[in-house]
Asks: 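The following block contains the structure, expressed as structure tokens.
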Amino acid sequence: MKDLERVPEIRGKTIRFIWTDGPTKGKTHEHVFHPDGTVTWSDAEAAKAETKEKPQYAATRAADQVYLVSYLAPSGYTLTVALNFRDKQLVGFVSSAKDWHPVRGTFQVR
């Protein structure tokens with residue numbers, strides 16, 4: 001992949017997304033943003049079985065303490081979220097070739 005930006009506020013971090021709206025409302029997913037530029041995720045309430053998918057991600061600064069994160073999984077789903085580090089809110093979109101959904105939630109950096 002071409003030089004994707006991966007800001008240090010995201011790169012190498014484990015971040016829990018706690019969904020309050022969207023198709024995964026009520027669930028918590030733990031995302032690991034690996035230093036090599038890949039991301040893995042798992043259901044935080046399930047046994048520690050990470051996804052076998054390990055796509056590249058991009059993470060860039062959108063505003064003071066707000067970062068935009070996006071990845072396209074091999075399964076065809078794209079997640080794009082804005083993470084506001086001031087109030088720990090997230091907002092974004094998840095989509096596939098057939099579906100598109102706005103999402104909202106909170107997050108915790110672990």
Side-chain angles (χ1 to χ4, degrees):
M1 278 211 151
K2 279 195 163 182
D3 301 319
L4 295 177
E5 185 174 3
R6 296 181 185 101
V7 293
E9 292 80 2
I10 305 298
R11 185 180 60 245
K13 303 290 192 301
T14 298
I15 304 177
R16 281 191 169 201
F17 294 174
I18 302 125
W19 304 107
T20 59
D21 199 15
T24 54
K25 179 179 179 178
K27 293 203 176 268
T28 299
H29 291 105
E30 190 164 275
H31 285 72
V32 180
F33 295 95
H34 301 281
D36 70 357
T38 61
V39 59
T40 53
W41 59 93
S42 62
D43 183 334
E45 283 94 33
K48 282 293 185 186
E50 280 188 349
T51 181
K52 292 184 184 348
E53 298 180 308
K54 200 171 181 184
Q56 296 284 313
Y57 70 90
T60 190
R61 182 179 179 274
D64 185 39
Q65 296 187 51
V66 178
Y67 299 90
L68 190 62
V69 178
S70 185
Y71 62 86
L72 169 60
S75 61
Y77 282 92
T78 298
L79 177 66
T80 302
V81 292
L83 304 175
N84 184 330
F85 277 72
R86 283 186 303 269
D87 62 9
K88 301 295 192 243
Q89 298 292 308
L90 69 84
V91 61
F93 304 94
V94 63
S95 61
S96 71
K98 298 178 183 178
D99 299 311
W100 175 90
H101 301 279
V103 293
R104 287 188 175 274
T106 61
F107 69 94
Q108 302 167 339
V109 179
R110 302 183 57 81

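Predicted model only: the values in this text are computed from it and were never measured.
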Asks: Crowded around Lys25 NZ? As in, over 12 foreign heavy atoms under 6.0 Å?
Replies: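 Not more than 12 within 6.0 Å, no.
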Asks: State, to 0.1 Å, how close Gly22 and Val103 come at their nearest heavy-atom pair, and which atoms those are.
Replies: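 Where Gly22 meets Val103 most closely, the heavy atoms are CA-CG1, 4.3 Å.
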Asks: Can you name the closest pair of heavy atoms from Gln89 and Phe107 and give their distance?
Replies: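 Scanning both residues, the minimum pair turns out to be O-CE2, 3.4 Å.
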Asks: What is the distance from atom CD of Glu5 to atom OH of Tyr67, rounded to the nearest 0.5 Å?
Replies: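 Spacing of CD (Glu5) from OH (Tyr67) equals 10.0 Å.
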Asks: Can you tell me how far CD1 of Ile18 sits from OG1 of Thr24, rounded to the nearest 0.5 angstrom?
Replies: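 Atom-to-atom, Thr24:OG1 and Ile18:CD1 are 11.5 Å apart.
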Asks: Write down the atom of Arg6, the atom of Gly37, and the distance for their closest heavy-atom approach.
Replies: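 Distance-wise, the nearest heavy atoms are NE-CA, 3.1 Å.
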Asks: Using 0.5 Å steps for rounding, measure from the CG atom of Leu68 to the OG1 atom of Thr60.
Replies: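 Here the rounded value is 7.5 Å.
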Asks: Minimum heavy-atom separation for Pro23 and His101, please, with both atom names.
Replies: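 Result for this residue pair: CD-CB, 3.6 Å.
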Asks: Side chains of Pro102 and Asp21, heavy atoms from C-beta outward: is any pair under 4.5 Å?
Replies: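 Side-chain contact under 4.5 Å: no.
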Asks: Quick one: list whatever passes side chain to side chain donor-acceptor pair (under 3.5 Å) with Thr38, sequence neighbours left out.
Replies: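 Applying side chain to side chain donor-acceptor pair (under 3.5 Å) to Thr38 gives Asp36.
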Asks: List the steps and the verdict of side chain to side chain contact (heavy atoms under 4.5 Å, CB included) for Leu79 and Phe17.
Replies: CA-CA 12 Å; Leu79 177 66; Phe17 294 174; 4.0 Å; yes
Asks: Hey, do the aromatic rings of Tyr77 and Tyr71 have their centres closer than 6.0 Å?
Replies: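 Ring centres of Tyr71 and Tyr77 not closer than 6.0 Å.
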Asks: Quick one: does any side-chain atom of Arg110 pair with a main-chain N or O of Thr14 as donor and acceptor, under 3.5 Å?
Replies: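 No, Arg110 side chain to Thr14 backbone: no donor-acceptor pair under 3.5 Å.
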Asks: State, to 0.1 Å, how close Asp43 and His29 come at their nearest heavy-atom pair, and which atoms those are.
Replies: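 Minimum heavy-atom contact is CA-CD2, 3.8 Å.
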Asks: Could you pull out the closest heavy-atom pair between Pro74 and Pro55, with the gap in Å?
Replies: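 Minimum heavy-atom separation between Pro74 and Pro55: CD-CB, 4.1 Å.
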Asks: With a 4.5 Å heavy-atom cut-off, do Phe93 and Thr78 have their side chains touching?
Replies: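 With C-beta onward as the side chain, the pair stays apart.
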Asks: Tell me whether Phe85 is reachable from Val91 by hopping between hydrophobic residues (I, L, V, M, F, W, Y) whose side-chain heavy atoms are closer than 4.5 Å.
Replies: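 Unlinked, Val91 and Phe85 end up in two clusters.
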Asks: Looking at side-chain heavy atoms only, is the closest gap between Ile10 and Leu83 below 4.5 Å?
Replies: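 Touching, per the 4.5 Å side-chain cut-off.
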Asks: For Ala59, does its backbone N or O pair with a side-chain atom of Arg11 as donor and acceptor, under 3.5 Å?
Replies: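 Answer holds: no.
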Asks: Would you kindly confirm whether Val109 and Val66 end up in one hydrophobic cluster when ILVMFWY residues are joined by side chain heavy atoms under 4.5 Å apart?
Replies: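 No, Val109 and Val66 fall in different hydrophobic clusters.
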Asks: Angle between ring planes, Tyr57 versus Phe33, binned at 30° and 60°: parallel, tilted or perpendicular?
Replies: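 It falls in the perpendicular class, over 60°.
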Asks: For atom NZ of Lys27, decide whether the heavy atoms of other residues, nucleotides or ligands shown that lie under 6.0 angstrom number more than 12.
Replies: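 At most 12 heavy atoms, drawn from other residues, nucleotides or ligands, come within 6.0 Å of this atom.
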Asks: Have a look at Thr40 and tell me which of Glu53, His31, Lys52, His34 forms a side chain to side chain contact (heavy atoms under 4.5 Å, CB included) with it.
Replies: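 Among the candidates, only His34 passes.
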Asks: Can you tell me how far OG1 of Thr106 sits from CG of Leu90, rounded to the nearest 0.5 angstrom?
Replies: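 If we round to the nearest 0.5 Å, Leu90:CG and Thr106:OG1 are 6.5 Å apart.
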